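Everything quoted here is computed from the prediction, not taken from an experiment. Labels below follow one simple rule: chain letters A, B, ... track the order of the sequence lines, proteins then strands, and each chain is numbered from 1.
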2 protein chains.
Amino acid sequence: MKYSDKLRNSGLRPTKQRLQICEILFDTEKTFHFTINELEKKIKDKIDDKISLATIYNTVHAFEKKGYLKQIPINSNQTYFDTNITDHHHFYDLKDGKLIDLENSDVGPLKIKRKINGKKIKSIEVLVKLED
Amino acid sequence: MKYSDKLRNSGLRPTKQRLQICEILFDTEKTFHFTINELEKKIKDKIDDKISLATIYNTVHAFEKKGYLKQIPINSNQTYFDTNITDHHHFYDLKDGKLIDLENSDVGPLKIKRKINGKKIKSIEVLVKLED
DNA sequence: ACAGCTATTTAGAACCATTATAAAGTAGGA
DNA sequence: TCCTACTTTATAATGGTTCTAAATAGCTGT
Ligand SMILES: [Mn+2]
Ligand SMILES: [Mn+2]
Ligand SMILES: [Zn+2]
Ligand SMILES: [Zn+2]
């Protein structure tokens, strides 16, 4: 399915900027992790038109809200996003700030035994910090 | 052991400010989670002397580096700290931004099967997001 | 094709948690 | 007491993110 249809089906107009960002984010063999800053660089490298920083933020947030991107919970001055939207976990290399995917099967079965009244679990995320 | 000795043993001079912050952080029945902003409020409430914001940041970072506090990996515009330095996990209530401790036994055994060459695991942290 | 409406983009300003600066104050050893 | 390194402090700077409001572009009905 074309990105334009996917966007329209989500209630998002398929603008030139959104389509170009789609290509950068989703036309890849492998999924990847990125910060806004890194995405901005990638956009400058790969497309000739300029996309304003505000639009990059708007688009990433719109895609996240629609479920096409995920935020990764991590302590950093920047927000990390993930084009891999399946349930999975992460290694976080403290040395270089890079993330590595951990499949669910790499972590083993997680069973949260405690329950909070009136709340339900939205996600379970494991972060494994790595050092030398 | 008095806080002054604990601090001296860590190579930190037991200043009035650090001792007062120690009392707020560690003279409690239960451990708790906080942001710098919340700690600042608590300091204003509980002690009569003023402690500058810079000192609060300095002290929290010094205590974290010495292992008396932990940072909690989470997506928020503020950094969350924890006076519970044991290995444990968290519920994160997306509605009100509050954290709840999850004991290791509440999560079940975690076994990270994948290894990264030349790196060792420093910590394994689980974040369980809650919604209504 | 056109008009009208709303969504979107954009440059720039604002926001705000955090960090840096550098001057004044303090703890502890000689 | 004196010295020196450590600490505190007010304040400025930083930098990622969000806001603003004006210009532009996509879409629907005619
Ligand atoms: Mn280019
Ligand atoms: Mn007071
Ligand atoms: Zn991932
Ligand atoms: Zn905790």
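Listed by residue number, the members of residues 17-26 of chain A with any heavy atom below 4.0 angstrom from DNA chain C are A:Gln17, A:Arg18. Of the residues in residues 4-14 of chain B, those with a non-hydrogen atom less than 4.0 angstrom from any atom of DNA chain D are B:Leu12, B:Arg13. A heavy atom lying under 4.0 Å from DNA chain C marks the following residues of residues 60-81 of chain B, by number: B:His61, B:Asn77, B:Gln78, B:Thr79.
Side chain of A:Asn104 to backbone of A:Pro109: no donor-acceptor contact under 3.5 angstrom is found. The main-chain N or O of B:Leu12 is never found under 3.5 Å from a side-chain atom of B:Ser10 such that the two would form a donor-acceptor pair. For the pair A:Thr83 (side chain) and A:Phe32 (backbone), a donor-acceptor distance under 3.5 Å is present. With hydrogens and angles disregarded, no donor-acceptor distance shorter than 3.5 Å links the side chain of A:Lys70 to the backbone of A:Asp87.
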Find every protein N or O atom lying less than 3.5 Å from an N or O atom of nucleotides 2-4 of chain C, and list the pairs.
none

Taking it one step at a time, do A:Glu125 and B:Lys129 satisfy salt bridge (Lys or Arg N to Asp or Glu O under 4.0 Å)?
CA-CA 8 Å; A:Glu125 289 157 278; B:Lys129 290 185 186 163; 3.5 Å; yes
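Where B:Ala54 and A:Lys16 meet DNA chain D, the nucleotide closest to each residue was compared, and B:Ala54 sits on the side nearer the 5' end. Taking for each of A:Thr59 and B:Ile36 the nucleotide of DNA chain C with the nearest heavy atom, the 5'-most of the two is the partner of A:Thr59.
Remark: C1' of C:dT9 and CG of A:Asp49 are 13 Å apart, rounded to the nearest angstrom. As a whole-Å value, the separation of A:Glu40 CD from C:dT10 P is 12 Å.
The residue A:Thr55 sits close to a base: some heavy atom pair falls under 4.0 Å. Across all strands, A:Asn37 comes closer than 4.0 Å to no nucleic acid atom at all (heavy-atom distances).
Cluster partners of A:Leu102 are A:Phe91, A:Ile100, A:Val107, A:Leu110, A:Ile112, A:Ile116, A:Ile121, A:Ile124, A:Val126, A:Val128, A:Leu130, B:Phe91, B:Ile100, B:Leu102, B:Val107, B:Leu110, B:Ile112, B:Ile116, B:Ile121, B:Ile124, B:Val126, B:Val128, B:Leu130, counting Ile, Leu, Val, Met, Phe, Trp and Tyr whose side-chain heavy atoms approach within less than 4.5 Å, directly or via other members. In this structure, A:Ile85 stands alone, with no Ile, Leu, Val, Met, Phe, Trp or Tyr side-chain heavy atom under 4.5 Å from its own, directly or through other members.
Rounded to 10°, the helix from C:dA1-D:dT30 to C:dA30-D:dT1 has 30° between the axis fitted to its first five pairs and the one fitted to its last five.
Under the side chain to side chain donor-acceptor pair (under 3.5 Å) criterion, A:Asp106 pairs with no residue, sequence neighbours left out. Applying the side-chain contact (heavy atoms from CB on, under 4.5 Å) criterion to B:Lys65, with sequence neighbours excluded, gives no partner residue. Residues forming a side chain to side chain donor-acceptor pair (under 3.5 Å) with B:Lys95 (at least two apart in sequence, or on another chain): B:Asp132.
Annotation: A:Lys113, atom NZ; neighbour count of heavy atoms from other residues, nucleotides and ligands within 6.0 Å is above 12.
In summary, the side chains of A:His33 and A:Asp101 do present a donor paired with an acceptor at a separation below 3.5 Å, with no hydrogens or angles considered.
Of the inter-residue distances, the one linking A:Tyr68 atom OH with A:Thr59 atom OG1 reads 13.5 Å to the nearest 0.5 angstrom.
Applying the salt bridge (charged side-chain N to carboxylate O under 4.0 Å, His left out) test to residues at least two apart or on different chains, the pairs with a partner in residues 12-29 of chain A are A:Lys16-A:Asp49.
First and last contacts of DNA chain D with chain B, using any nucleotide atom under 4.0 Å from a protein heavy atom and ordered 5' to 3', fall at D:dA5 to D:dA10.
In this structure, A:His88 and A:His90 have perpendicular ring planes: the angle between them is above 60°, well past the 30° mark. The aromatic rings of B:Tyr57 and B:His61 sit tilted, their planes meeting at an angle between 30° and 60°. Using cut-offs of 30° and 60° for the angle between ring planes, the B:Phe26 and B:Phe63 rings count as tilted.
Two residues are said to be in side-chain contact when any heavy atoms from C-beta on lie closer than 4.5 Å; B:Leu19 and B:Leu7 meet this criterion.
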